[in-house]
S.K.: 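The structure that follows is given in the form of structure tokens.
Counting from 1, the numbers follow the sequence of the chain as shown.
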Amino acid sequence: MNTVPLLRPQSTTRRQLPVTTKQLLRTRFTPSFPASTSMFPESNVPRAVLVFVAISVSVLLLYGAADSLRFQSSSSGYSFNIFPSLRNSNNSDSKLSINDDGDDDYKLEKVLKEAAMEDKTVIIATLNEAWAAPNTIIDLFLESFRIGQGTRRLLNHLVIVALDRKAYKRCMEFHAHCFALVTQGLDFHDEAYFMTLAYLEMMWRRIDFLRAVLQMGYNFVFTDADIMWFRDPFPRFFLDADFQIACDHFLGNSSDIQNRPNGGFNYVKSNNRTIEFYKFWYSSRETYPGYHDQDVLNFIKFDPFIEDLGLKMRFLDTAFFGGLCEPSKDLNLVCTMHANCCYGLDSKLHDLRIMLQDWKTFLSLPPALKRSSSMLWTVPQNCSLNSLRRYDSPEKSVQQSLQQ
């Protein structure tokens, strides 16, 4: 993920805010009767029949409202489509096809349950064929867990979501918790270059999937696979936040919405606020067409709907959650490092390998030297920050992608 603007375009019209659940219930269930002392006029129809009709109508109204408000929880069965936004698609090929047995929701619930911590928290990473090949991104990602401080045990709670069948097959070779999220009619196996149509579709599929995980009642830490885990991040998370996210650039205050978030790493608790937030985030792709999820987040974080929702959003300090955009400055504090501000698989691989070697060198120091070490990262190298000039605004990146 990459740097994005702080302000929404002035020409964009604010989208209509969603109706709250309370308002919807009030609209659905508040009857309007004439000012009379009787619900029904005098007639020859037996009163019992009229009562039966009234009850039947009420049940139908209740069922319709419940159906529109239903969300999936871990104990409510497996009746919902993982990507309900595809239900009304005119393309018959745009159906979710995850497992050969067709019981997709059950499979997801099973994987999440097996991987979850006691508080129903899972770690989620997505993977396609390009990043799943041997000696590439996924191997470096897993190695960081194995050599990090307090991170090896977290592999037991990691769910790898494969976006194509080859990635799923590779995942099954080395990891216990794999889930195949394959969408017919869409092919994510190749490297998805920044801001191409395939890239945009993959990013938005991810947002919709994470919304589904929240609706099933699971908290999650989402992590891009080009993030190295060097320390257990959970002690650095805010206990009272609903949604907390890493930054490309951190301004010093975790509550400042002017911070530049990076969608590649976030910790989200499952509750009504976060579920509604993810629905709003996903639906906002229509308000800001041609933008990826991170750009749209930078627009909607200013929207009054977020405040009205009561969502507590916090931004994570790059001192603990750094990246190539803004590296962590103290290896005694760093939890994760992201190969952000970098384009191209080869460049990422080059700098991630150096990053891992930097960490191994730090670990090899005697304890006293570690504590007093002023050692710094020797990256970025191939991931030169000069490459950002190509994408200094989302407007330019969209135009350039369309021209390519």
Side-chain angles (χ1 to χ4, degrees), residues 1-4 123 125 137 140-152 154 158 221-239 241 243-256 258-267 294 313-343 347-388:
M1 304 297 294
N2 310 287
T3 55
V4 292
I123 301 168
I137 295 289
L140 301 179
F141 177 67
L142 296 176
E143 183 181 358
S144 74
F145 277 85
R146 296 188 191 104
I147 66 175
Q149 296 183 346
T151 53
R152 179 181 285 269
L154 297 178
L158 171 66
V221 176
F222 177 81
T223 173
D224 278 345
D226 62 344
I227 293 178
M228 302 294 99
W229 285 53
F230 295 129
R231 282 190 180 86
D232 181 356
F234 284 90
R236 297 296 183 181
F237 290 141
F238 297 95
L239 296 178
F243 174 88
Q244 41 199 309
I245 187 167
C247 296
D248 284 335
H249 298 290
F250 182 71
L251 303 179
N253 183 343
S254 65
S255 299
D256 187 352
Q258 296 284 352
N259 285 302
R260 294 190 176 186
N262 186 295
F265 187 90
N266 47 72
Y267 175 39
Q294 187 170 299
M313 183 182 298
R314 301 294 288 268
F315 300 89
L316 299 171
D317 193 336
T318 51
F320 309 110
F321 303 91
L324 298 182
C325 299
E326 194 168 284
S328 301
K329 294 180 174 59
D330 188 345
L331 274 71
N332 289 286
L333 298 177
V334 64
C335 294
T336 63
M337 276 283 287
H338 190 182
N340 52 6
C341 293
C342 185
Y343 303 97
S347 294
K348 283 181 181 287
L349 284 171
H350 179 271
D351 279 25
L352 285 172
R353 289 183 179 122
I354 294 173
M355 192 187 297
L356 278 175
Q357 187 56 53
D358 286 345
W359 176 250
K360 291 175 183 178
T361 300
F362 172 76
L363 291 179
S364 68
L365 296 175
L369 284 180
K370 281 183 187 176
R371 289 190 294 270
S372 62
S373 174
S374 58
M375 176 179 169
L376 298 176
W377 303 104
T378 59
V379 288
Q381 292 186 13
N382 284 13
C383 294
S384 170
L385 296 184
N386 291 331
S387 64
L388 291 179

S.K.: Keeping the roles fixed (side chain from Asn382, backbone from Asp351), state whether a donor-acceptor pair exists under 3.5 Å.
M.R.: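 Looks like no, no N/O pair under 3.5 Å.
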S.K.: Hey, what do you get for Cys341 versus Cys383: SG atoms under 2.5 Å apart or not?
M.R.: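 No.
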S.K.: If you look at every heavy atom in Gly148 and Trp359, which pair is closest and at what distance?
M.R.: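 Taking every non-hydrogen atom into account, CA-NE1, 4.1 Å.
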S.K.: Using only atom types and a distance under 3.5 Å, with no angle test, would you say the side chain of Lys348 pairs donor to acceptor with the backbone of Asp226?
M.R.: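 Checked: no pair found.
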S.K.: Using a 4.5 Å cut-off on heavy atoms from C-beta on, say whether the side chain of Leu140 contacts that of Met355.
M.R.: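 SC-SC contact between Met355 and Leu140 ruled out.
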S.K.: Please tell me if the side chains of Phe315 and Asn253 come closer than 4.5 Å, counting only heavy atoms from C-beta onward.
M.R.: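 The answer is no, as the side chains (C-beta and beyond) never meet within the 4.5 Å cut-off.
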S.K.: Check whether any side-chain heavy atom of Ile354 sits under 4.5 Å from a side-chain heavy atom of Trp377, and report yes or no.
M.R.: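 Ile354 vs Trp377: side chains apart.
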S.K.: Could you tell me the separation between the CZ atom of Arg371 and the CG atom of Leu365, rounded to the nearest 0.5 Å?
M.R.: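 Interatomic distance, Arg371 CZ to Leu365 CG, rounded to 0.5 Å: 11.5 Å.
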S.K.: With a 4.5 Å limit on heavy-atom distance, are the side chains of Thr223 and Thr336 in contact?
M.R.: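 No, side chains not in contact.
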S.K.: Once you round to the nearest 0.5 Å, how far does CG of Asp317 lie from SG of Cys335?
M.R.: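 One gets 10.5 Å once the value is rounded to the nearest 0.5 Å.
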S.K.: Taking C-beta and beyond as the side chain, do Leu316 and Phe237 meet within less than 4.5 Å on heavy atoms?
M.R.: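 Yes, side chains in contact.
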S.K.: In Å and rounded to the nearest 0.5 Å, what is the CG to CZ distance from Asn332 to Arg231?
M.R.: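 The CG atom of Asn332 sits 6.0 Å away from the CZ atom of Arg231.
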S.K.: With rounding to the nearest 0.5 Å, note down the distance linking CZ in Phe362 to CG in Asp330.
M.R.: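 Here the rounded value is 7.0 Å.
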S.K.: Tell me the closest heavy-atom pair linking Ala339 and Leu352, and the distance in Å.
M.R.: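 Shortest heavy-atom contact: CB-CD2, 3.8 Å.
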S.K.: Using only atom types and a distance under 3.5 Å, with no angle test, would you say the side chain of Asp232 pairs donor to acceptor with the backbone of Phe234?
M.R.: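 Confirmed, Asp232 side chain pairs with Phe234 backbone.
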S.K.: What pair of heavy atoms forms the shortest contact from Phe222 to Gly263, and how long is it?
M.R.: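 So the minimum-distance heavy-atom pair works out to CD2-O, 3.8 Å.
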S.K.: With a 4.5 Å limit on heavy-atom distance, are the side chains of Gln244 and Arg236 in contact?
M.R.: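 Sidechains of Arg236 and Gln244: no contact.
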S.K.: Is there a donor-acceptor contact under 3.5 Å linking the side chains of Asn262 and Asp248?
M.R.: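 Short answer, yes.
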S.K.: Determine whether a donor-acceptor pair (N or O, by modelled atom type, separation under 3.5 Å) exists between the side chain of Arg260 and the backbone of Cys247.
M.R.: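 Such a contact is absent between Arg260 side chain and Cys247 backbone.
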S.K.: If you take all heavy atoms of Phe230 and Thr151, which pair is closest and at what distance?
M.R.: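 Of all heavy-atom pairs spanning Phe230 and Thr151, the closest is C-CG2, 4.1 Å.
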S.K.: Going by heavy atoms in the side chains, are Leu158 and Leu142 under 4.5 Å from each other?
M.R.: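 Heavy-atom side-chain distance check passes, below 4.5 Å.
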S.K.: Supply the atom-to-atom distance Met228 CE to Asp358 CG, rounded to the nearest 0.5 angstrom.
M.R.: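 Between atom CE of Met228 and atom CG of Asp358 there are 12.5 Å.
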S.K.: I'd like to know if the side chain of Glu326 and the backbone of Phe250 have a donor-acceptor N/O pair within less than 3.5 Å.
M.R.: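 Yes, Glu326 side chain to Phe250 backbone: donor-acceptor pair under 3.5 Å.
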S.K.: Any idea which heavy atoms bring Leu324 and Cys342 closest together, and the distance?
M.R.: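 Nearest heavy atoms, Leu324 then Cys342: CD1-CB, 4.4 Å.
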S.K.: Can any side-chain N or O of Lys370 pair as donor or acceptor with the backbone N or O of Leu363 at less than 3.5 Å?
M.R.: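 Yes; at least one donor-acceptor contact below 3.5 Å.
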S.K.: Sub-3.5 Å donor-acceptor pair from the side chain of Gln258 to the main-chain atoms of Leu251, do we have one?
M.R.: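 The answer is no, because no donor-acceptor pair under 3.5 Å joins these two groups.
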S.K.: In Å and rounded to the nearest 0.5 Å, what is the CZ to CD distance from Arg353 to Gln381?
M.R.: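 Answer for the CZ-CD pair, Arg353 versus Gln381, is 13.0 Å.
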S.K.: Flag the pair Leu356 / Ser144 as yes when at least one side-chain heavy-atom distance between them is below 4.5 Å, and no otherwise.
M.R.: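 Yes - at least one pair of side-chain heavy atoms lies under 4.5 Å apart.
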S.K.: I'd like to know if the side chain of Ser328 and the backbone of Thr318 have a donor-acceptor N/O pair within less than 3.5 Å.
M.R.: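 Yes.
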S.K.: Just by distance, do the side chain of Asn259 and the backbone of Pro261 share a donor-acceptor pair under 3.5 Å?
M.R.: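 Judged by distance alone, no pair lies under 3.5 Å.
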